[in-house]
**Student:** 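Starting off with a structure, shown below.
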Amino acid sequence: MTLHPSHNQEKNTEYLQKINGEHHMQPFSANGELAEAGARIIDKADGCYIWDTDGNKILDAMSGLWCTSIGYGRDEIADAVAEQMKKLPYYNTFFKTSHSPAALLAERLATLAPEHINKVFFSSGGSDANDTNIRLVRHYWATKGKKSKKTIIARHNAYHGSTVGAASLGGMKFMHEQGDLPIPGIVHINQPYWYAEGGDKDPETFGLERARELEEKILELGEDNVAAFIGEPIQGAGGVIIPPDSYWPEIQRICDKYEILLIADEVICGFGRTGNWFASTTFNIKPDLITIAKGLSSGYLPIGGVLISDRVADVIYSEEGGEFNHGYTYSGHPATCIAALKNLDIMERENLIDRIKNELGPYLKERWLTLSDHPLVGEARLMGTVGAIELTPDKASRAPFKAKEGTVGTICRDYCFANNLIMRAVGDTMIISPQFTMSFEEVDELVAKARLCLDKTLEQITAENID
Ligand SMILES: *Cc1c(COP(=O)(O)O)cnc(C)c1O
């Protein structure tokens with residue numbers, strides 16, 4: 001007998017937690033501890049809400065993992081994917097074959113992307129797309145006869161994914177510590193994180209200084225050895241770090257001066273998050289490669305890729321470029337391409353990017369920034385629909401807590417969880433990335449719940465003398 005999951009799972013929370021704990025090793029988790037405690041089992045979703053198997057209705061202010069931009073419950077995508085799966089569930093794009101979903105999505109992306117970008121290489125997600133970037137930039141320079149241009153410069157506290165290549169590009173120390181990363185040929189400079197590292201400097205001076213570290217690193221390595229610089233326009237997993245205005249133009253200037261390819265990892269920022277189709281437009285930069293995933297399909301199916309500028313494509317497509325010995329079994333998977341196409345249809349039909357720029361974004365920002373008067377909050381910041389609040393024991397100095405980093409953030413996150421709000425903690429920074437479809441009432445609910453959880457957190461750390 002098969003019951004629809006929504007009918008039988010509710011009764012089965014305990015059983016599901018048990019088998020999940022016994023057999024499902026989960027990403028970025030202390031698995032022993034998690035198995036012991038039992039994972040929260042999510043059952044269904046609609047709009048900006050998710051429900052767990054105990055029937056709790058939870059406001060998901062993170063859009064899953066920064067991906068469900070158009071909200072949950074779009075049957076239109078499910079139907080289109082079902083139709084595609086009946087017609088052609090799979091075929092590869094390796095051996096001189098392709099299919100209409102891949103061709104149509106490629107064309108669509110070329111239309112949406114900045115003008116100098118007209119090609120795409122498909123992957124299954126962001127990590128493998130960044131691995132593609134490593135292969136691409138080295139192949140590009142080798143094809144141009146500059147084989148020594150191999151090193152990629154990235155940033156501390158960046159997140160570019162979790163494969164060996166992508167985690168090496170990333171600058172997460174706790175990831176590097178496991179598995180002897182980064183791999184050779186990838187080096188890191190400091191991030192433009194004014195709140196935590198800017199000290200007494202004004203943000204614009206600090207932004208320039210941090211950008212100029214790229215120039216120093218290029219001079220140190222020799223420009224003949226440097227292939228590319230990679231950065232997220234706004235660092236997401238690092239804590240929604242919005243760089244000072246001075247940062248990106250200076251990075252662009254340096255990349256141009258030394259002939260270094262610029263890779264914008266827009267896995268989070270792309271497809272509307274900052275109020276334009278791409279954050280490269282928001283920050284006025286001209287990347288040679290753009291990493292995409294997450295919002296491309298609103299997470300309905302796993303698809304990512306690299307948007308490739310004419311400058312790079314011309315070399316890869318040239319006779320000397322020859323065969324690019326790289327690809328994934330699921331590159332351009334037809335069902336995922338259809339999910340992405342439908343997602344983009346919905347974004348355009350409902351003018352969601354415009355909504356972020358002119359309605360939701362401004363309203364969310366105004367509401368979110370009201371949290372900055374809370375005694376625990378050192379800074380509230382937001383752009384488009386990504387935001388953060390910094391928790392601090394001392395607003396004036398922006399000092400970190402004496403307690404181990406993440407102690408207070410975790411307390412706050414747990415209060416959010418208990419009060420049916422998904423807000424994520426990165427250390428002691430609380431972050432949000434809500435759906436583009438969030439109503440003003442839901443924004444009010446989000447901010448009210450966030451404030452409530454800040455109050456409870458303050459109460460607890462005061463009672464426990466955490467400072
Ligand atoms: C999530 C993320 C990735 C990795 O994407 P996956 O689909 O998890 O492989 C890469 N870059 C950025 C900026 C991300 O946020």
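Just so it is clear, the model here is predicted, and its values are computed rather than measured. Whatever order the structure lists ligands and atoms in, that order sets their numbers, starting from 1.
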**Student:** Would you call Glu390 and Arg381 a salt bridge, taking side-chain N to carboxylate O under 4.0 Å as the test?
**Tutor:**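 Salt bridge flag = yes for Arg381 with Glu390.
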**Student:** So if I count the atoms of ligand 1 from 1 in the order they appear, which ones are less than 4.0 Å from some heavy atom of Ile268?
**Tutor:**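 This gives 15 (O) as the contact atoms.
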**Student:** Hey, are Thr385 and Arg273 close enough side-chain-wise for a donor-acceptor pair under 3.5 Å?
**Tutor:**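 Note: Arg273 and Thr385 side chains meet the donor-acceptor criterion.
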**Student:** Ligand 1 versus Ser127, non-hydrogen atoms closer than 4.0 Å: side chain, backbone, both, neither?
**Tutor:**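 Both parts.
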**Student:** Compare Ile303, Ile230, Asp265, Ile292 and give the one whose heavy atom is closest to atom 11 (N) of ligand 1.
**Tutor:**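 The option holding the nearest heavy atom is Asp265.
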**Student:** Salt bridge check, Glu223 against Lys149: does any charged N sit closer than 4.0 Å to a carboxylate O?
**Tutor:**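 Salt bridge: no.
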**Student:** Quick check on contacts: which atoms of ligand 1 are under 4.0 angstrom from a heavy atom of Gly125?
**Tutor:**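 Contacts of ligand 1 toward Gly125, numbered from 1: 7 (O).
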**Student:** Asp128 to ligand 1: N or O pair under 3.5 Å?
**Tutor:**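 Checking ligand 1 against Asp128, no N or O pair falls under 3.5 Å apart.
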**Student:** Test the Arg355-Phe436 pair against the cation-pi criterion, namely NZ or CZ under 6.0 angstrom from the six-membered ring centroid and within 45° of the ring axis.
**Tutor:**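 No, Arg355 does not sit over the ring of Phe436.
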**Student:** Using a 4.0 Å heavy-atom cut-off, say whether Tyr159 meets ligand 1 through its side chain, its backbone, both or neither.
**Tutor:**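 Both backbone and side chain.
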**Student:** Taking the six-membered ring of Tyr247, is NZ or CZ of Arg210 closer than 6.0 Å to its centre and within 45° of its axis?
**Tutor:**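 Here Arg210 fails the 6.0 Å and 45° test against Tyr247.
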**Student:** Tell me, please: is Gln235 in heavy-atom contact with ligand 1, that is, under 4.0 Å?
**Tutor:**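 Flag not set, Gln235 not near ligand 1.
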**Student:** Go through ligand 1 atom by atom and flag the ones less than 4.0 Å from a non-hydrogen atom of Glu232.
**Tutor:**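 Numbered from 1, ligand 1 contributes 13 (C).
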**Student:** Looking at atom 14 (C) of ligand 1, what's its closest protein heavy atom, distance included?
**Tutor:**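 For atom 14 (C) of ligand 1, the nearest protein heavy atom comes out as Lys294 NZ, 3.0 Å.
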**Student:** Under 6.0 Å between the ring centres of His188 and His176?
**Tutor:**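 Yes, they do, as the ring centres are separated by less than 6.0 Å.
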**Student:** I want to check a possible cation-pi pair here: Lys44 against Tyr72, using under 6.0 Å from ring centre and within 45° of the ring axis as the test.
**Tutor:**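 Verdict for Tyr72: no cation-pi partner in Lys44.
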**Student:** Could you find the nearest protein heavy atom to atom 6 (P) of ligand 1 and give me its residue, atom name and distance?
**Tutor:**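 The protein heavy atom lying closest is Gly126 N, 3.4 Å.
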**Student:** Taking non-hydrogen atoms only, is His160 closer than 4.0 angstrom to ligand 1 via side chain, backbone, both or neither?
**Tutor:**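 It is the backbone that touches ligand 1; the side chain stays farther off.
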**Student:** Do NZ/NE/NH1/NH2 and the carboxylate oxygens of Glu76 and Arg349 come within less than 4.0 Å?
**Tutor:**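 Between Arg349 and Glu76 there is a salt bridge, with a charged N closer than 4.0 Å to a carboxylate O.
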